[in-house]
Amino acid sequence: MKKIATLSAVIAVSMAGWAQGDPKEAPAAGQTEKTSGAEEMVVDLQTAISEALQYNKQLQNSVLDRETYYQKVREARSQGLPQVNASLTGTTYFGKEMKFGDMPIKMENSLTLAATASWTFSMQQIASVKVAKIAQRLTEQTVRATEQDVKANVADTYYAVLVYDRNMEIVKANLADMEDIANHTEKCYEAGTVEKTDVDQINVNLATLKNALLSLQRSLESTKRLLVLQMGVDIKTNIKAAQTLDQFLATTSEQLDTANMDISQNVNYQQLLLNREITEQTVKMRKFAYIPTLTASYQYSNAIKGGFMNFDHIGNLTLTVPIFSGFARHSQVKQAQIEARKNETNIALMEDNLAQNAEQYAFDLQTAQDAYDLQKENLEVARRVLDNYKNKYNQGALSSLGLTQANQNYLQAESAYASAALDLLMAQTKLLKLYNLL
């Protein structure tokens, strides 16, 4: 009983509980209907994931980051394009005069319209565009990583909803049976065939079951609220699972074939590979600082009023050769090379960790599968034992204490079975996430 009442500790749901109305006939998966001012949404796992991928707030921010880097690529490209500016300049000399020998020349106020076009070519600009493009690809991988996180979180929460639904149905059915037994025991006590302690023992068991049912209901509603938040739908939506736990397990009973899974498809690993490309291009970009830069510019000006020594057309071609910058360029190259070496070390470390995780997760999955098979068999035995003890109790061949103990053993077997099923499903999710197959 304690295991059933505290199943929330297994899935670590910390959301606050909230009440929901009586269930009604459910529409098809993915459809909604109005229920007392709120929408009820019946979802299967794929529907829940699809909704999350479309409306999850965390994922939406990740997509916006990707759009930001798309604009950064455009910004980097624009640095290599001609730059054109226009200006309107007014100049006054405050009535001053210039003297050429003995001849004074009064400086007139002027108004000049000018347009300037310039273009700078450097290898650093080309390298910076390449770095920006790789960074954009990196943000795309980040979006994929966020999608994997969202899918895994939604899946685990959905599994928890299935477990809570099942345990609630089990406790409700068991509570109804125990109420019938309590009524039967009360009549036997009135007839003098059983003692008062038998009635008290059954009533204590009933009270324990009612408390367990209330605890499960609170945990179920808080888990549904968490699922609503992960899906990004209206917070007032009442979520209802389209399947039972047993139905879901029947459709996912196939063993995962890890032999054909490629660990190089892991999103975090692919991000590190892109980081290596960025560091390699950064080293090149720092080295290009030693290469001369060519700048071409053209200026057209029109003296609208006044002006002195004004030239309509001016062109410049400048070749800038870097000679000495206080070892700053040399230091920047060395820093980029150190980052490149660190990235190589991180890739090697990631490969080792992924190989270890792949082996560990496969082992955890097999362990969870064995535990699930054992608890499934144990549940069948506990159910048969309880049915047998009920018959003996009804025939007067068993005390209330024996029946209570058998009922507790059965509920513990149900709780252990549900926990094993949850562990199995979550182990599958971890392994699929590792291989980027969710």
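Not measured: the values here are computed from a predicted model.
- Atom CG of Asn174 sits about 10.0 Å away from atom CD of Glu179, to the nearest 0.5 Å.
- Residue pairs meeting the salt bridge (Lys or Arg N to Asp or Glu O under 4.0 Å) criterion with at least one member in residues 346-361: none, sequence neighbours excluded.
- Residues passing the side chain to side chain donor-acceptor pair (under 3.5 Å) test with Asn153: none are found, sequence neighbours excluded.
- Partners of Thr185 according to the side chain to side chain contact (heavy atoms under 4.5 Å, CB included) rule, which considers only residues two or more places apart in sequence or in another chain, are Ile181, Val194, Asp198, Val199, Ile202, Tyr393.
- In summary, Lys342 and Glu339 engage in a salt bridge, as defined by a charged side-chain N under 4.0 Å from a carboxylate O.
- Considering only residues two or more places apart in sequence or on other chains, Asp165 meets the side chain to side chain donor-acceptor pair (under 3.5 Å) condition with none of them.
- Applying the salt bridge (Lys or Arg N to Asp or Glu O under 4.0 Å) test to every pair with at least one member in residues 383-398, sequence neighbours left out, gives these pairs: Asp177-Lys390, Glu380-Arg383, Arg383-Glu414.
- Residues that satisfy the side chain to side chain donor-acceptor pair (under 3.5 Å) test with Gln360, not counting sequence neighbours, are Asp364.
- Considering only residues two or more places apart in sequence or on other chains, Tyr300 meets the ring-ring contact (aromatic ring centres under 6.0 Å, His included) condition with His313.
- By the salt bridge (charged side-chain N to carboxylate O under 4.0 Å, His left out) test, Glu67 pairs with no residue at all, sequence neighbours left out.
- For Tyr372, the ring-ring contact (aromatic ring centres under 6.0 Å, His included) criterion is met by Tyr417, not counting sequence neighbours.
- A donor-acceptor pair shorter than 3.5 Å cannot be found between the side chains of Asp65 and Ser62.
- Tyr159 meets the ring-ring contact (aromatic ring centres under 6.0 Å, His included) test with Phe248; sequence neighbours excluded.
- For Thr295, the side chain to side chain donor-acceptor pair (under 3.5 Å) partners are Thr120, not counting sequence neighbours.
- Each salt bridge (Lys or Arg N to Asp or Glu O under 4.0 Å) pair with one or both residues in residues 184-197, not counting sequence neighbours, appears once here: Lys196-Asp200.
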